[in-house]
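Only one structure is covered here, and it is reproduced in the block below.
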Amino acid sequence: MPPTIMRQPALTATASYLALESHAADARHWQLRALFAADPQRFPALTTDAAGLFLDYSKNRVDATTIALLLELARERGVEARRDAMFAGDKINLTEHRAVLHTALRLPRGAALTVDGQDVVADVHAVLDRMKEFSERVRGGAWLGHSGKPITDIVNIGIGGSDLGPKMVTLALRSYARPRLTTHFVSNVDGHDIDAVLGRVDPATTLFIIASKTFVTAETMLNAHTARSWFLASATEADLARHFVAVSTNTAAIKAFGIDPANMFPFWDWVGGRYSVWSSIGLSVALAVGFGYFSDLLAGAHAMDEHFRTAPLETNMPVLLAMTGFWNRQFLGCATLSIAPYHQDLSRFPAYLQQLEMESNGKRVTQSGAAVDTPTCPVVWGECGTNAQHAYFQLLHQGTDVTPIDFIATLRATHDLPGHHAALLANCFAQSEAFMKGKTADEVRADLQGGALTAAEIEALVPHKTFPGNRPSNTILMDQLTPLSLGALIALYEHKTFVQGVLWDVNSFDQWGVELGKVLAQQIQSELTGAPAPQRHDSSTNGLILMAKAAQHI
Ligand code: G6Q
């Protein structure tokens, strides 16, 4: 029996939203410079720490009243009750009738959580134990390929949630990896992706992980079959078991593919794809960095879970990150959010967050199916600092749109090269200061006066060299990028996304928006590869299909 969908009052009709709206009429005129000048305690007042992370949200256009009103809204929208329902395993993914329990994947052994009569923690740890045993055999050289050689290369074949998490984490924890094993990721149906990887590995020493919750995803299945054929060119079907393992919930399909069910690492329907790196989907991570560090990643996330679950909203980091983001989106009209990791190993983190936030909250109807009455998820994008500074920060400083930025940095580096880390942090802090303060026309004049320019030349330059400032940002700091701090960082954004989903009253755990393109692609593929000319489309789509058929002589 499907759960009853309670109709929430429209967001804009709630008392605290209305209070925020009248507060925002004033706040829109505030200048961050003035807020800092007026309150020397602004930094200690608008910062918080949890699970090894520190959040400075003082460079947002908020004051104590704004935060109090935002937290009132969080309470009025039922954030605490919804959070507790998620942790308890209630079926809060209403359109798919599923519990949402990625937090259970990082519960320590012995913790208690029973869902539908099933001891979830025991199930999770049984799979973790198998991942430990398997990763130790492969990493230690005890798991041999068909010709008796140890494995040198891992190829994870998956897409979306079965790729972005493991790929981002493996790269982020690069310095913890064992050099003897190289990890590769193949996701795109574009044959150039797998072709490049297969060109670099030896079938006799390669282990393929076919990572697919459903084991029907078209891109993954095509890549998996390509890998299988490539492997069988130099080996027999009996050798497959030494070189192909699966991470899936679909035992029948992995058997049909030819993978030994003994080499299948299961997970559960209550793990959403974009929340699955903590499950056996993280097998490539455990192989790359070792099970001990994979466990630390889970422990870091669990520490953030405990903070999110128990800390008062006033000091609750995911809640504060969500609420300031919500403020920027709803009341300051910011349509995008830029992520700027000042750590090269976090270069895939913006892409990871794009899926996490935009697939979760890129929705236009509420849980009961009514149209939302405010904008929802901003577009999330970004690139590592300092590279981004030399590319698009121009627009962020002087363009016509205001783009909030999340700066992410570590206080200490994991390398010991002199000079680099101080230069990196100097840039990070300078950028958030510049976005906040800007540079006034008078400051530009003062800079230029006394030089070689005439007064007229100075006046001509002033508008070009002026920075409006007043651009909001958060800074997230941690001591070093470790499995623990990375786990906490990912969980921070998961819970931030959850809180914003509750505010907008959308289902953050389905993704129907990816379905239409899949269906159309199947139709067009049959037209591209079959005899009939395309007819059922518009003239543009028909024309493009005919061009491709002509070029490929099909
Ligand atoms: C994520 C989505 C989606 C999913 C991929 C891969 O939340 O569900 O990105 O992870 O479509 O799905 P499979 O793991 O089933 O191949």
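What you see below is based on every heavy atom in this structure, not just the backbone, and it leaves out hydrogens, waters and symmetry mates. Atoms within each ligand, like the ligands themselves, are counted from 1 in listed order.
In this structure, atom 11 (O) of ligand 1 has no protein heavy-atom contact shorter than 4.0 Å.
Annotation for Gln522: atom CD does not count as buried by contact number, only 12 or fewer foreign heavy atoms lying within 6.0 Å.
Where the criterion is an N or O separation shorter than 3.5 Å, residue side chain and backbone included, Lys518 fails it with respect to ligand 1. At under 3.5 Å, not a single nitrogen or oxygen of Phe215, backbone or side chain, sits near a nitrogen or oxygen of ligand 1. Geometrically, ligand 1 and Thr220 share no nitrogen or oxygen pair separated by less than 3.5 Å.
Ring geometry for Phe244 against Phe231 counts as perpendicular: the plane angle is over 60°, on a 0 to 90° scale with 30° as the lower cut. Relative ring orientation between Phe208 and Trp230 is described as perpendicular, the plane-to-plane angle rising above 60° on a 0-90° scale split at 30° and 60°. In this pair, Phe509 and Phe498 present their aromatic rings tilted. The plane angle is within the 30 to 60° band. Ring geometry, Tyr352 versus Phe349: the interplanar angle falls under 30°, so the pair is classed parallel (tilted spans 30 to 60°).
The shortest contact between atom 6 (C) of ligand 1 and any protein heavy atom is with Ile159 O, 3.2 Å. Closest protein heavy atom to atom 15 (O) of ligand 1: Thr214 OG1, 2.6 Å. Ranking protein heavy atoms by distance to atom 4 (C) of ligand 1, first place goes to Gly161 N, 3.8 Å. In this structure, atom 9 (O) of ligand 1 lies nearest to the protein heavy atom Gln355 NE2, 2.7 Å. Atom 1 (C) of ligand 1 has as its closest protein heavy atom Glu359 OE1, 3.1 Å.
Numbered from 1 in the order shown, with element, the atoms of ligand 1 that lie under 4.0 Å from a heavy atom of Ser212 read 13 (P), 14 (O), 15 (O), 16 (O). Applying the 4.0 Å criterion to heavy atoms of Gln511 picks out, from ligand 1, the atoms 7 (O), 8 (O). Of all the atoms in ligand 1, the ones that sit under 4.0 Å from a non-hydrogen atom of Ser162 are 10 (O), 13 (P), 14 (O). Taking every non-hydrogen atom of Thr217 and a distance limit under 4.0 Å, the qualifying atoms of ligand 1 come out as 12 (O), 13 (P), 15 (O), 16 (O).
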Begin from the C-alpha positions of Ser276 and Ser279 and carry the test side-chain hydrogen bond (donor to acceptor under 3.5 Å, both in side chains) through to its verdict. CA-CA 5 Å; Ser276 65; Ser279 71; 4.7 Å; no
Trace of the side-chain hydrogen bond (donor to acceptor under 3.5 Å, both in side chains) decision for Thr95 with Asn507: CA-CA 8 Å; Thr95 58; Asn507 183 355; 3.1 Å; yes
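Under a 3.5 Å cut-off, the side chain of Lys363 and the backbone N or O of Val372 do not form any donor-acceptor pair.
The ring of Tyr57 has its center no closer than 6.0 angstrom to the ring center of Trp327.
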